[in-house]
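Structure in structure tokens, see below.
Predicted, not measured: the structure shown is a model, and the values here were computed from it.
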Amino acid sequence: MGSWWRSRDMKYISIIVSEDAAHECVQQLGMQGQMQLTDLNPELTPFQRRYVSYIKRCEELERKLRYMQKEISGFGLKMEEGNESTIAESVAIKGGSG
């Protein structure tokens with residue numbers, strides 16, 4: 001993560017991208033570690049933001065995954081580690097054969 005120093009040259013810019021590309025764009029810029037975001041809607045509470053429903057869905061999915069892990073461990077089964085591509089391939093193979 002980049003460090004912020006007042007003596008460094010900075011520029012205030014505005015980036016306008018479509019909503020579909022916004023997530024990827026912000027992720028790529030954030031990976032650089034040299035960007036600071038300004039909230040354009042500071043009057044909104046966290047619960048009034050558009051992305052709250054997405055966060056709630058992610059939290060619910062995490063809760064379900066924790067439950068499944070607990071049940072799997074309770075039966076003494078071993079889970080395999082995998083990365084996103086192997087998981088996606090597994091789902092595609094299983095989905096395509098049914």
Side-chain angles (χ1 to χ4, degrees):
M1 180 147 191
S3 61
W4 292 97
W5 300 98
R6 289 181 183 229
S7 61
R8 289 192 178 183
D9 290 334
M10 293 185 168
K11 293 182 181 179
Y12 189 81
I13 62 170
S14 178
I15 300 174
I16 301 172
V17 295
S18 70
E19 189 172 346
D20 294 338
H23 295 281
E24 179 69 22
C25 180
V26 171
Q27 179 183 7
Q28 293 298 320
L29 290 170
M31 297 294 286
Q32 299 297 314
Q34 299 179 15
M35 181 173 106
Q36 182 175 354
L37 300 175
T38 303
D39 189 354
L40 298 178
N41 300 304
E43 70 280 356
L44 293 179
T45 67
F47 297 106
Q48 293 173 320
R49 307 235 175 220
R50 292 176 49 202
Y51 54 80
V52 171
S53 62
Y54 298 122
I55 293 172
K56 287 180 181 178
R57 285 177 29 199
C58 290
E59 288 175 345
E60 179 65 15
L61 182 57
E62 286 178 340
R63 184 190 66 77
K64 290 177 180 179
L65 288 171
R66 282 192 304 271
Y67 173 78
M68 290 174 63
Q69 287 176 330
K70 181 181 170 187
E71 292 296 309
I72 289 170
S73 296
F75 284 104
L77 300 173
K78 188 175 183 180
M79 292 178 44
E80 291 184 22
E81 293 291 325
N83 59 32
E84 289 182 24
S85 63
T86 58
I87 293 170
E89 290 170 6
S90 174
V91 170
I93 292 169
K94 290 177 183 175
S97 63

Under the salt bridge (Lys or Arg N to Asp or Glu O under 4.0 Å) definition, can you give me all pairs with a residue in residues 10-20, not counting sequence neighbours?
Glu19-Arg50
Return each pair, listed once, that meets salt bridge (Lys or Arg N to Asp or Glu O under 4.0 Å) where at least one residue sits in residues 61-75; pairs must be two or more places apart or across chains.
Glu60-Arg63
For a quick test of reading the model, state the closest non-hydrogen atom pair linking Arg49 to Asp39 and the distance between them.
NH2-OD2, 2.7 Å
Transitive ILVMFWY side-chain link Ile13 to Val17, under 4.5 Å:
yes
Which pair of non-hydrogen atoms, one from Tyr12 and one from Thr38, has the smallest distance, and what is that distance?
CE1-OG1, 3.6 Å
Are Phe75 and Ile72 in one and the same hydrophobic cluster, where Ile, Leu, Val, Met, Phe, Trp and Tyr link if side-chain heavy atoms are under 4.5 Å apart?
yes
Establish, from distance only, whether the side-chain atoms of Glu24 and Gln28 form a donor-acceptor pair under 3.5 Å.
yes
Can you confirm whether Leu61 sits close enough to Arg57 that some side-chain heavy atom of one is under 4.5 Å from a side-chain heavy atom of the other?
no
Side chain of Asn41, backbone of Glu43: donor and acceptor closer than 3.5 Å?
no
